[in-house]
Amino acid sequence: MVDEPLLDKAARLIARLGRVTALTGAGISADSGVPTFRGRDGLWRRFKPEELATPEAFRRNPRLVWEWYRWRMEIIAKARPNPGHYALSELERLGLLECIVTQNVDGLHQKAGSKRVVELHGNIWRARCVECGYRLVFEKPPDDIPPRCPRCGGLMRPDVVWFGEPIPEDAWREAVECTLRSRVMLVVGTSGVVYPAALLPRIARDNGTLVVEVNVEPSALTEEVTDIFLQGRAADVLPRLVERVKKYLRATTSS
Ligand code: OAD
């Protein structure tokens with residue numbers, strides 16, 4: 001159960017400071033039925049990242065890698081945004097959100113209506129040709145894997161970031177600019193162990209930005225970086241937080 005006085009404090013500060021950047025991780029989509037990577041039921045308990053999510057793994061066995069991504073696409077295709085995703089899109093409509101920086105590849109923020117979403121690790125529905133760079137977007141999981149490039153016949157790969165690969169330059173620049181413009185960073189459902197994404201809350205803190213974190217348990221960031229830790233499920237805490245922010249906004253406009 002989230003600590004009420006802390007929730008209230010976070011809401012009051014968000015209403016007063018505005019300009020929020022949300023950094024989201026797999027935990028925000030957990031309540032939509034998309035498995036997280038770490039933790040008790042995490043994917044990295046059952047699967048080895050070095051066999052499935054590295055450029056070397058893809059070179060060794062593109063079909064195996066595609067099978068894994070197709071399986072995840074099937075899960076994600078059935079997933080719907082949850083109240084946590086909707087709460088963040090509401091924050092944007094209220095004019096309080098700079099952007100969402102997400103490590104997720106599921107596209108659920110956009111499905112919930114969020115417009116300014118920076119995808120640090122790519123998107124599972126996109127693929128790109130390893131030969132000519134041609135990009136395509138799948139509407140459903142592909143039947144034939146590994147897919148071939150419609151332009152040059154080359155091998156297509158998932159357009160996501162794998163271990164050992166850099167974040168696309170534009171996405172990283174946007175994420176940092178957004179962070180530096182913000183007065184609040186809302187860190188949601190991330191273990192905070194994957195870099196460079198985990199640098200953003202540190203950049204925020206060093207810039208004097210308030211760091212509010214929502215997670216079911218403390219993360220690698222909580223002790224060192226977080227100012228206000230709201231313990232609970234994103235699908236539960238975020239809607240309550242945003243309702244409370246609205247209450248404070250109404251109070252300031254009517255006084
Ligand atoms: P992780 O799986 O590492 O962490 C998920 C976090 O969400 C944990 O801190 C959980 O405690 C928390 N959590 C679980 N359920 C929650 C809920 N209902 N509400 C709130 N929090 C919840 O996921 P990420 O931090 O996103 O990268 O992982 C970062 C990157 O590592 C991923 O983007 C992926 C992965 O390997 C690549 O594949 C490159």
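Quick note: residue numbers are just sequence positions, from 1. One-based numbering, in listed order, for ligands and for the atoms of each.
Considering backbone and side-chain atoms alike, Ala26 places an N or O below 3.5 Å from some N or O of ligand 1.
If you number the atoms of ligand 1 from 1 as listed, the ones under 4.0 Å from a heavy atom of Gln103 come out as 29 (C), 33 (O). Residue Glu217 approaches ligand 1 through these ligand atoms, each under 4.0 Å from one of its heavy atoms: 11 (O). Within the listing of ligand 1, atoms 26 (O) sit less than 4.0 angstrom from a heavy atom of Gly25. When each atom of ligand 1 is checked for a heavy atom of Ala30 under 4.0 Å away, the hits are 15 (N).
Looking at atom 22 (C) of ligand 1, its nearest protein heavy atom turns out to be Gly27 CA, 3.5 Å. For atom 33 (O) of ligand 1, the closest non-hydrogen atom on the protein side is His121 ND1, 2.8 Å. Nearest protein heavy-atom neighbour of atom 5 (C) of ligand 1: Gly189 O, 3.7 Å. Ranking the protein heavy atoms by distance from atom 32 (C) of ligand 1 puts Phe37 CE1, 3.7 Å first. The protein non-hydrogen atom at the shortest distance from atom 31 (O) of ligand 1 is Arg38 NH1, 3.1 Å. At the top of the distance list for atom 19 (N) of ligand 1, counting protein heavy atoms only, stands Ala234 N, 2.9 Å.
With respect to Arg70 and Glu67, no salt bridge is recorded, no charged nitrogen being found less than 4.0 Å from a carboxylate O. Looking at Glu51 and Arg60, no side-chain N of the basic residue comes within less than 4.0 Å of a carboxylate O on the acidic one, giving no salt bridge. Checked for salt-bridge contact, Glu174 and Arg116 miss the test: no charged N lies under 4.0 Å from a carboxylate O. In this structure, Glu131 does not pair ionically with Arg151, as no charged nitrogen and carboxylate oxygen lie closer than 4.0 Å. A salt bridge is defined here as a Lys NZ or Arg NE, NH1 or NH2 lying under 4.0 Å from an Asp or Glu carboxylate O, and Glu243 with Arg240 fails to meet this definition.
Close placement of the Phe37 and Trp44 rings is indicated, their centers lying within 6.0 Å of each other.
The residue Trp162 has no part lying near ligand 1, judged by heavy-atom distances below 4.0 Å. Contacts between Ser191 and ligand 1 below 4.0 angstrom, taking non-hydrogen atoms only, involve backbone and side chain alike. Contacts between Val194 and ligand 1, counted as non-hydrogen atom pairs separated by less than 4.0 Å, involve the side chain only.
By the 4.5 Å heavy-atom criterion applied to side chains, Val101 and Leu120 are counted as neighbours.
A donor-acceptor pair shorter than 3.5 Å can be found between the side chains of Thr102 and Thr24. Of the N and O atoms on the side chains of Thr21 and Ser182, at least one donor lies less than 3.5 Å from an acceptor on the other residue.
Annotation: the span from Lys111 atom NZ to Ile76 atom CD1 amounts to 9.5 Å, rounded to 0.5 Å.
At a 4.0 Å cut-off, at least one heavy atom of Trp44 sits close enough to ligand 1 to count as contact.
Of the listed options Asn215, Val193, Asn82, Asn215 places a heavy atom closest to atom 11 (O) of ligand 1. Residue Val216 holds the heavy atom nearest to atom 14 (C) of ligand 1 of all those in Asp236, Val216, Val161, Val237. Within the set Thr190, Ile28, Asp31, the minimum heavy-atom distance to atom 25 (O) of ligand 1 is found for Thr190.
A search for salt bridge (Lys or Arg N to Asp or Glu O under 4.0 Å) contacts involving Arg45 returns nothing, not counting sequence neighbours.
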